[in-house]
Structures are given as C-alpha cells and as structure tokens.
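A short worksheet on the structure shown next.
These numbers were taken from a predicted model, which means no experiment stands behind them. Basis for what follows: all heavy atoms, side chains included, without hydrogens, waters or symmetry-related copies.
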Number of protein chains: 2
Amino acid sequence: MIADAMGVTKAAVYRQFKTKEEIVIAITERELGMLEDALEAAEAEDDRLRAREVLLNRVIDQAIARRGTVSVLQFDPVIIRLQAQHKPFQRFIERLFAALLGTDTGVEARLHAAMLSSAISVAVMHPLIADVDDDTLRSHLMHMARRMLNLPTQVSAGTMGGRSAAV
Amino acid sequence: MIADAMGVTKAAVYRQFKTKEEIVIAITERELGMLEDALEAAEAEDDRLRAREVLLNRVIDQAIARRGTVSVLQFDPVIIRLQAQHKPFQRFIERLFAALLGTDTGVEARLHAAMLSSAISVAVMHPLIADVDDDTLRSHLMHMARRMLNLPTQVSAGTMGGRSAAV
DNA sequence: GTCTATAATGGGATAGAC
DNA sequence: GTCTATCCCATTATAGAC
C-alpha cells in the first residue's frame with residue numbers, strides 16, 4: 001500500500017526499511033516523539049493540576065493535527081502487536097498515562113484515563129463529526145476532557161484553586 | 001483461526017459459511033440483534049431522557065458482557081470494511097446514535113455520542129483496567145456516561161440495575 | 001458434516017540488474 | 001535508489017472422497 005501510494009515498487013520501500021516492523025516503529029517514534037517535550041515538561045512541573053492541563057492540551061492538539069491517522073496507529077491489530085514488542089514505546093505510554101493520572105491510581109482515575117485516551121483518538125475521525133472544523137473540535141474536546149477528568153472547567157494560568165481530581 | 005479453535009478443518013467451517021464476509025455478517029448480526037429490543041423500546045418511549053437512560057444501560061451491559069471481543073468487531077480494519085458494505089448495519093448504527101442523541105443533533109451532542117461510544121468499547125478491554133471486576137466497571141461506566149451526556153447523575157425510578165444483555 | 005488435498009490470492013521479503 | 005522477477009507463507013476458498 002505504501003509503495004502504491006508513493007508510486008514506487010515494494011522493493012524500493014524495502015531498500016529503506018528491512019521489515020514491516022521497522023516501518024511501524026519509525027512512524028510510531030515520529031508521532032510519540034512529538035509529545036516528548038510536552039511529557040518532560042509535565043513531569044518537571046510541580047503543580048500537578050497544571051501539568052495535566054498542559055499535557056492534555058498537547059495530546060489533543062496532536063490528535064487533531066493527525067486527524068485521520070491516529071486511530072490507525074492505535075487500533076490496527078498488527079501495528080499494536082509490533083508496538084507492544086517494543087519496550088521503549090511501552091515505557092513512553094506508561095509515562096504518558098502516569099502524567100495524566102497524577103498521583104491518583106485508583107480504579108476511577110485509571111478508568112478516566114483509559115476512556116479519555118480512546119475517546120480522543122476515535123472522536124477526531126468519527127463519521128458523526130467529520131464536518132466539524134479543527135478549532136471547534138479542539139475546544140469541545142478540551143472541554144469534554146476536563147469534564148471527564150474532573151478538572152476545573154476554566155483554567156486561569158498560575159493560580160489553580162479548583163476542585164481536586166477525586167470524586 | 002476459527003477452525004483451529006473449534007478443532008475442525010477449514011473446509012468444515014466453509015461448509016457453514018461460503019465466505020469470510022458471511023461469518024463477519026453473522027457475528028455482527030448476533031451482537032447487534034441483542035440490542036434490537038432495547039433500541040425499539042427506546043424509540044417507542046415518550047420520555048426522551050428515560051429512553052436514553054435505558055438504551056445506555058443496555059449498551060454498557062452488553063459491552064461488559066462481551067468484554068474482550070467488542071473492540072475486535074469495532075476496530076479490526078477488515079471487519080469494519082465488510083460491515084460498512086452491509087446496509088442494514090449502517091441503518092442500525094444510525095438508529096442507535098439517533099436514539100442516544102435524542103433530538104439534539106448539534107456539534108456538541110454528536111461529539112458526546114462519538115466519544116462515548118468509543119470510550120465504552122475501548123475501556124472495557126483496556127490494560128489499565130483489566131483488573132476491575134464487571135460490577136465495579138459497570139457502575140463507573142454508567143456514571144461516566146451520564147457525565148459525558150449531561151444526564152442527571154442519579155436516575156430515579158424503574159428496573160434499572162446491572163442486568164446482563166441476554167443469552 | 002467432516003475429511004484430505006489443492007488451488008488462488010496477496011502481503012512480506014529477497015536477489016540481482018540497471 | 002529503483003527496477004523486474006521471484007520466493008515464502010498465511011489467508012481465503014474449492015473439489016471430491018468418506
């Protein structure tokens with residue numbers, strides 16, 4: 001498919017990548033790499049609430065930027081298997097969830113994180129909202145994400161007096 | 001894989017189903033069929049709020065009952081393609097979303113429905129919550145779904161409990 | 001209904017010429 | 001770096017005996 005889309009032969013693709021796995025790794029690396037600085041910033045941030053806000057924003061931005069392709073990387077069975085065999089990705093994903101979860105690792109917090117991550121990646125390419133433009137989608141997604149995670153609805157930079165993350 | 005799991009040969013499976021597509025259609029029909037009476041009841045219900053409640057409950061019950069298999073039917077690329085070519089399924093899914101949306105078909109309502117449906121089906125098999133038992137998962141999911149759809153947090157009357165989705 | 005055997009198709013991958 | 005040609009192998013599917 002890649003070769004066809006590029007208008008070259010399969011052999012030309014295999015000149016650059018020895019295996020299909022290498023291709024999947026390379027693409028995933030590029031996508032996750034875009035979140036790396038945001039993740040590191042979030043981990044370094046003292047204010048946990050603010051750290052989650054910032055990270056959430058970046059994740060949503062990227063999901064929208066990659067609208068139409070995120071869910072392939074997240075849900076294609078073959079791709080998932082190849083990624084699962086790659087330790088660095090597992091660690092990165094774990095760090096991502098840890099940063100999103102904050103200190104709370106209870107059932108509810110984990111469920112929130114699981115639902116949120118899937119909801120974001122599927123929603124951006126769902127037929128029901130194919131007609132929604134990026135900016136509208138972003139603001140709705142961010143609003144929804146805050147609701148799902150029990151974050152304060154409006155964020156005012158610096159002073160976070162909002163409710164705690166637990167119910 | 002099916003033949004191996006059943007301990008018969010592939011030819012034996014092809015005796016019952018002419019093509020892979022027939023198998024996918026049959027399985028999907030069985031799964032969606034379990035929601036048919038709930039959908040019809042919801043469509044007949046005058047109280048829209050109550051209709052959505054009932055349907056939501058059934059959808060969540062079934063997702064939990066099929067924990068570990070729902071997402072295959074929803075996300076496997078080959079299966080999705082085969083289902084997409086089958087008009088009756090498209091119509092059924094449209095009816096499901098229509099019933100969940102209520103009369104509101106604005107951007108926000110559609111986004112809610114899209115996020116919710118994906119969040120439910122992915123969450124039930126997400127590694128982060130693999131250790132959560134069915135009943136706990138159901139109550140959290142229902143609570144979360146109400147929040148996502150802006151439904152009242154506590155539902156007043158009726159026969160709504162953790163009932164399983166038949167068969 | 002199940003079996004053995006055998007296509008047919010297509011994806012994943014390699015060899016060697018240019 | 002790309003090409004043609006080919007290989008390997010799993011999936012999809014059929015034929016015909018029991």
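Hydrophobic side-chain contacts under 4.5 Å tie Val72(A) into a cluster, directly or through other members, with Ile2(A), Met6(A), Val8(A), Val13(A), Phe17(A), Ile23(A), Val24(A), Ile27(A), Leu73(A), Val78(A), Ile79(A), Leu82(A).
The side-chain hydrogen bond (donor to acceptor under 3.5 Å, both in side chains) contacts involving residues 17-28 of chain A comprise Thr28(A)-Gln83(A), where partners must be two or more places apart or lie in separate chains. Sorted by first and then second residue, the pairs that involve residues 62-81 of chain A and meet side-chain hydrogen bond (donor to acceptor under 3.5 Å, both in side chains), not counting sequence neighbours, are Glu31(A)-Arg66(A), Arg67(A)-Asp134(A), Gln74(A)-Ser121(A).
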How does protein reach along nucleotides 5-13 of chain D, written 5' to 3' as B (base within reach of a heavy atom under 4.0 Å), S (only sugar-phosphate), or - (no contact)? -------BB
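Asp131(A) is linked by a salt bridge (Lys or Arg N to Asp or Glu O under 4.0 Å) to Arg110(B), counting only residues two or more places apart in sequence or in another chain.
Between Thr9(B) and the phosphate of dC3(C), there is a side-chain N or O to OP1/OP2 separation shorter than 4.0 Å.
Atom CD1 of Ile23(A) and atom P of dG11(C) are 13 Å apart (whole Å). Remark: P of dT14(D) and CZ of Phe17(B) are 15 Å apart, rounded to the nearest angstrom. What separates CZ of Arg15(A) from C1' of dC18(C) is a distance of 13 Å, to the nearest Å.
In the hydrophobic clustering of ILVMFWY residues, with side-chain heavy atoms under 4.5 Å counting as a link, Ile60(A) and Leu35(A) come out together.
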Please tabulate, for side-chain N and O atoms in residues 84-98 of chain B, each donor-acceptor pair with protein atoms closer than 3.5 Å (sequence neighbours left out).
| residue | atom | partner | partner atom | Å |
| --- | --- | --- | --- | --- |
| Gln90(B) | NE2 | Ala84(B) | O | 2.3 |
| Arg95(B) | NE | Glu43(B) | OE2 | 2.9 |
| Arg95(B) | NH2 | Glu43(B) | OE1 | 3.0 |

